[in-house]
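Here's the structure, in structure tokens; my notes come after.
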Number of protein chains: 2
Amino acid sequence: MPQDGRPLRPLDETEEVLVRALGEVMTGLPRVVDADMVRDARLPLSEYTALMLLSEAPRRRMRMSELAVAGNLSLSGMTRVVARLEKQGFIERARCEEDLRGWNAVLTDDGFARLEEAWPAHLASIRRHVLDKLAGHDLAALAAALRQVETRL
Amino acid sequence: MPQDGRPLRPLDETEEVLVRALGEVMTGLPRVVDADMVRDARLPLSEYTALMLLSEAPRRRMRMSELAVAGNLSLSGMTRVVARLEKQGFIERARCEEDLRGWNAVLTDDGFARLEEAWPAHLASIRRHVLDKLAGHDLAALAAALRQVETRL
DNA sequence: CAAAAGTACTTGCACCGTCAAGTAAATAAT
DNA sequence: ATTATTTACTTGACGGTGCAAGTACTTTTG
């Protein structure tokens, strides 16, 4: 429901421009980066992200639900990403000892190697489409602003 | 190909933070806004965007290819969006007179009404998730930065 | 002006992600 | 303790999007 306490002030000029720009970025950038990853590293962005998150986690493992939240996917979505990675041998699954309902996704050595192989493509993509274009802008301020934006369901 | 002239300098701290924040926003925000639109206006974001673009176009019509570019979708993706909207009576299709290969998507009166009905939900969603959170930030600078980012395939 | 090449769009197929329903285990209630 | 409820995750059905191939028209070329 459009919480109608106040009468929904329309966008002013500045806001309008920002919203358009943000719309562009939010619909276009994921596709562009994902396309780069698939082309240059044969690894979709969603899978790359999962591997990366695991590589940074203690003991290179995470509960499915944690991983889903961290990767900004639904739990079922993450189940499928992990299933694909498991089939390729990059992840193994281990029942969670302290709660038998739960599963850990565990990064294998092959998975770690795959990640090391893939990250340059990700870095290059981000540099090409984002950082190179932002020369002269205040990156810290931009990051601070973006971190305020609400992105969780 | 990760164009390897230079050896791909890794991200510094500031860049790292920015890239994470941008990743969050770019994967999360479209889902959040789309979910709002579906829930509050029963109109997915992609369809809303198409209607909006048409409403601003001269004679409320656009060539399919124009519309695809403007909406940041592939041509085939836009074909399907338009097909859905046509089925609901919000868009009609008219052969392009000066080039019989081409089609115009034309916003109908029903479509315009639908858009007027739906935009408050979009506005509310954007205010809620984005603009409200950005109080105190320099919106113009943010917009200028985002507009530099490359988002076209 | 006929044939070849290019352009505008659509369609078949495959993939990915969501929701809703299902399973299994933990926790709460009686 | 048994049952009911909640939690963690998986699976089935579905919708949306891209790519590649197909169709129809246009432009170029010899």
Side-chain angles (χ1 to χ4, degrees), chain A residues 26-39 42-50 61-88 91-106 151-153, chain B residues 26-39 42-50 61-88 91-106 151-153:
Chain A
M26 89 184 180
T27 59
L29 193 56
R31 272 193 271 270
V32 168
V33 174
D34 186 65
D36 283 350
M37 289 299 291
V38 169
R39 183 168 40 79
R42 307 227 166 275
L43 191 69
L45 184 55
S46 57
E47 298 181 18
Y48 173 81
T49 304
R61 71 191 56 211
M62 277 193 216
R63 292 284 293 264
M64 291 302 297
S65 35
E66 270 183 281
L67 189 55
V69 171
N72 223 333
L73 279 185
S74 69
L75 188 51
S76 75
M78 189 53 83
T79 293
R80 306 199 199 261
V81 170
V82 167
R84 295 196 295 271
L85 288 167
E86 190 186 14
K87 205 170 305 175
Q88 300 173 270
I91 282 184
E92 282 169 1
R93 327 180 76 217
R95 262 216 132 82
C96 187
E97 281 140 24
E98 66 279 15
D99 183 343
L100 296 186
R101 293 169 303 180
W103 289 90
N104 283 300
V106 186
T151 57
R152 302 285 172 184
L153 281 165
Chain B
M26 87 182 183
T27 59
L29 192 56
R31 274 194 269 271
V32 168
V33 174
D34 185 65
D36 282 350
M37 289 300 292
V38 169
R39 183 167 40 78
R42 306 226 166 278
L43 192 68
L45 183 55
S46 57
E47 298 181 18
Y48 174 81
T49 304
R61 71 192 56 211
M62 278 194 216
R63 293 284 292 265
M64 290 302 296
S65 34
E66 269 183 281
L67 189 54
V69 171
N72 222 333
L73 277 185
S74 69
L75 188 50
S76 75
M78 189 53 84
T79 294
R80 308 200 200 255
V81 170
V82 167
R84 295 196 295 270
L85 288 166
E86 190 186 15
K87 206 169 304 174
Q88 299 172 269
I91 283 183
E92 281 168 2
R93 322 171 97 248
R95 262 216 132 81
C96 188
E97 280 140 26
E98 66 279 16
D99 182 344
L100 295 186
R101 292 168 304 181
W103 289 90
N104 283 299
V106 187
T151 58
R152 302 285 172 182
L153 280 165

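Each chain gets a letter, A, B and so on, in the order its sequence line appears, and its residues count up from 1.
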Its contact letters, B for base, S for sugar-phosphate only and - for none at protein heavy atoms under 4.0 Å, make nucleotides 8-13 of chain C read SBBBBB
Comparing nearest nucleotides in DNA chain C, the 5'-proximal residue of the pair A:Val81, A:Arg95 is A:Val81
Atom CG of B:Leu73 to atom C1' of D:dG15: distance rounded to whole Å?
-> 14 Å
Atom CG of B:Leu100 and atom P of D:dT27 are separated, to the nearest Å, by 10 Å
Interatomic distance where CG belongs to A:Leu45 and P belongs to C:dC15 [whole Å] | 18 Å
Spacing between B:Met26 atom CE and C:dG17 atom C1', to the nearest angstrom = 16 Å
Has the side chain of A:Arg61 got a donor or acceptor atom that lies under 3.5 Å from a matching backbone atom of A:Ala94?
-> no
Quick one: does A:Glu47's side chain get under 4.5 Å of A:Met37's, heavy atoms only?
-> no
Of the non-hydrogen atoms in A:Ile91 and A:Ala105, which two are nearest, and what is the gap between them?
-> CG2-CB, 4.1 Å
Closest non-hydrogen atom pair between B:Met78 and B:Gly71, with its separation = CE-CA, 4.3 Å
For B:Ser74, all residues meeting side chain to side chain donor-acceptor pair (under 3.5 Å), sequence neighbours excluded = B:Ser76
To the nearest angstrom, how far is A:Asp34 atom CG from C:dC15 atom P?
-> 14 Å
Reckon A:Ser74 has a side-chain N or O less than 4.0 Å from the OP1 or OP2 of C:dC19?
-> no
What is the distance from CE of A:Met37 to C1' of D:dG18, rounded to the nearest Å?
-> 18 Å
Over how many whole Å does the gap from B:Leu85 atom CG to D:dG16 atom C1' extend?
-> 13 Å
Sorted by chain and number, sequence neighbours left out, side chain to side chain donor-acceptor pair (under 3.5 Å) with B:Asn104 holds for none
Is any side-chain nitrogen or oxygen of A:Arg31 closer than 4.0 Å to OP1 or OP2 of D:dT17?
-> no
Mind checking the CG-OG1 spacing from A:Asp34 to B:Thr27? Nearest 0.5 Å is all I need.
-> 11.5 Å
To the nearest angstrom, how far is A:Lys87 atom NZ from C:dC15 atom P?
-> 10 Å
